[in-house]
Amino acid sequence: MGRVRQAEKNIFFGYISNIIIMIMGVVQRTVFIMVLDKTLLGVNSLYTDILSVLSLAELGIGSALNYSLYKPVAENDQEKIKSYMQLYKRAYLAIAGVITVVGIVLIPFLPYLVKESQGITGGELILYYLIFLFNTVSTYFVAYKYSLSNAQQRSYIQTNIATVTKMITVFAQIVILLVTKNFLLFLLTQSAVELVQKVFVSIYFNRLYPYLRERNVRKLEQEETGVVVTKTKALMFHKIGDVARMSTDSIIITYFMDVGWVGIVGNYTMVLTYALNFMGVIFNSVIAGFGNLVATESKEKQYAMFKVYRFAACWLYGFAAVGFWLLLTPLVTGIWLNESWGLGQTVLTLMLVDFYFKGGRIVLVNFKIAAGVFEQDKYLSLFQGVVNLVLSIIGIQCIGLAGVYVGTVVSGVLANLIQPVIVYRDCFSRKAWPYFKDSARFIGVIAGIVLILVPVKAFIMAQVNIVTFIAMIILISIIYNLTFFLLFMRTQEFEYLWNLAAARVPFLRKIRRR
């Protein structure tokens, strides 16, 4: 099956998964808010982020090994695949042990972090934390099994398993909340369902790839192991920096403000995360395809496809950022919950600036992963993490909650400035000025669309209700996408995407653009 066809299959199942997970996640969170309180919601979000910090023990081994699998998978070299998978398994079992030890060592420090936890005893905080720790550690016993199917561009397998698991988990947790109103049983329910899922995954992949159970596994050559080690060392810095950037906001907010604020912020970040996941289905589904492209095609072909990939990202992430800037607060405070759950427009603006630039970073990072370009900017993520921590800690004490996201935006933009230079130089042997020129053009167009839509919103949404909310969604969709269509319809990138869509949608084949 070709690269495009595999990507389409991954995208289809990815979208189905994200729609289901999004709907069930919103329902689950709504029931949680109705039954429990902001403190427990904040603790739930905080512990998720703490365990994300602990997961840095993975240190990029997964990405390095996935990259190493692209060639043997393309050549159907089962012996080499077995060797890499054996290495992957041993590495992940060691990681599980490290996370367990470090996680237990952190237990005495929990009361100092969650200082204001009304109605929750110290013993309960520790028990809740241990459940989160168990969920994280047990994941590493089966996580490596997905790498082979993902390298074969069959990420839909992992997607479908995750979707079914999420559906069962959320349904069971909602029942538990409504019947018992007990946070402990809420957490134990998730652990039980996920444990069953992990057993199933182990059995399923053993049957899907029976040769992986063979004991006659050759050791990798020293040179091959050296490549994995070298790339893992580089990815280690990326991983540490990414965790310092993306998984510390809740910890900083809890320490300097209140754990309840983590729950309020979490409503916004949940919606943005669902949007990122929804769009990420497209952009992450083609990583393995790009890996195959890099291994088999010329740099000119790679560059042409990168430009298409990047154009699509700017269009879609810009569309989402504009829509959320205008409608996310009305959604949370007027349609879904109430004014007590609202954030200021300054905080939301900073969050969405980072959201848009994150789209650009996803394109760059995914192409770097596919091309195996890890070492060249290995210190960048570490520097970003330091910048984020310093600016966020200073900022929250000077200007409050918005200060946390000043650090997030500034540290993120550093990658948007540096990574294009590396990708263009090392992947395409080109200067990066065209990238920055296009970036300025896209940002200018998006800013102009916002200026048009602000007075439109003031007129349409004088009163916030379902009707005006839907009307504004329709107007944003028409104005934004029509503007992009008219301005970029003559570009090669748009031409490629149009032809790709027209080949699959009969109606578009009849349209002739002048």
Side-chain angles (χ1 to χ4, degrees), residues 1-32 48 66 139 142-143 145-175 189-190 193-194 196-201 203-205 207-208 269-290 309 312-313 315-317 319-320 323-324 327-328 331 336 355 358-359 362-363 366 470 473-474 477 481 497 500-508:
M1 192 179 291
R3 288 189 296 264
V4 173
R5 183 61 181 156
Q6 284 285 24
E8 287 176 345
K9 194 170 184 179
N10 291 334
I11 289 169
F12 173 78
F13 284 108
Y15 273 140
I16 297 298
S17 172
N18 274 274
I19 291 171
I20 292 172
I21 288 175
M22 178 179 65
I23 293 172
M24 300 201 72
V26 171
V27 173
Q28 179 196 54
R29 195 175 186 91
T30 303
V31 173
F32 194 111
T48 300
N66 282 343
T139 298
V142 296
K145 290 180 178 287
Y146 288 115
S147 60
L148 180 53
S149 60
N150 290 342
Q152 292 176 330
Q153 303 180 56
R154 301 170 70 188
S155 61
Y156 60 86
I157 294 177
Q158 183 173 1
T159 298
N160 292 344
I161 291 173
T163 302
V164 173
T165 303
K166 183 69 173 180
M167 291 173 63
I168 296 173
T169 300
V170 171
F171 178 78
Q173 285 184 314
I174 288 174
V175 172
T189 299
Q190 178 181 350
V193 175
E194 290 186 357
V196 172
Q197 179 240 56
K198 289 158 190 170
V199 173
F200 168 78
V201 167
I203 297 173
Y204 175 77
F205 278 101
R207 292 182 177 179
L208 185 62
T269 56
M270 179 192 72
V271 176
L272 296 180
T273 299
Y274 283 142
L276 286 170
N277 291 342
F278 198 76
M279 290 183 290
V281 169
I282 296 175
F283 299 102
N284 294 333
S285 292
V286 299
I287 294 178
F290 271 129
Y309 188 51
W315 186 328
L316 291 177
Y317 282 94
F319 177 45
F324 284 134
L327 295 178
L328 188 50
L331 172 66
W336 181 22
F355 176 92
K358 188 177 292 182
I362 287 172
V363 169
N366 283 355
I470 294 175
I473 291 176
I474 295 172
S477 300
N481 291 299
L497 291 173
L500 196 65
R504 290 154 179 79
V505 181
F507 170 74
L508 295 178

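- Counting all heavy atoms, side chain and backbone alike, V26 lies closest to T30 at O-OG1, 2.7 Å.
- Within the 4.5 Å cutoff, no side-chain heavy atoms of W315 are placed close to those of L497.
- The heavy-atom pair separating A313 from G359 by the smallest distance is CB-O, 4.3 Å.
- The minimum heavy-atom distance linking G25 with Y274 is given by the pair CA-OH, 3.0 Å.
- Considering only heavy atoms from C-beta on, M24 stays 4.5 Å or farther from Q28 through its side chain.
- Taking 4.5 Å as the limit, some side-chain heavy atom of R29 sits within range of a side-chain heavy atom of W336.
- By the side-chain hydrogen bond (donor to acceptor under 3.5 Å, both in side chains) test, K198 pairs with S138, sequence neighbours left out.
- Taking all atoms of both residues into account, the shortest heavy-atom contact from L276 to K358 is CD1-CD, 3.8 Å.
- Distance OG1/T269 to CZ/F355: 12.5 Å, rounded to 0.5 Å.
- For the pair I21 and K166, the tightest heavy-atom approach, listed with the atom from each and the gap, is CG1-CG, 3.7 Å.
- A 4.5 Å side-chain heavy-atom check between F200 and I161 finds at least one atom pair inside the cut-off.
- I174 pairs in a side chain to side chain contact (heavy atoms under 4.5 Å, CB included) with only one of the listed residues (T169, T189, V31), which is V31.
- Considering every non-hydrogen atom in both A320 and M279, the closest pair reads CB-CE, 3.9 Å.
- Evaluation of the side chain to side chain contact (heavy atoms under 4.5 Å, CB included) rule for I473 yields L327, F469, S477 as partners, not counting sequence neighbours.
- By the 4.5 Å heavy-atom criterion applied to side chains, V196 and I168 are not counted as neighbours.
- At most 12 heavy atoms of other shown residues, nucleotides or ligands fall within 6.0 angstrom of atom CZ in F171.
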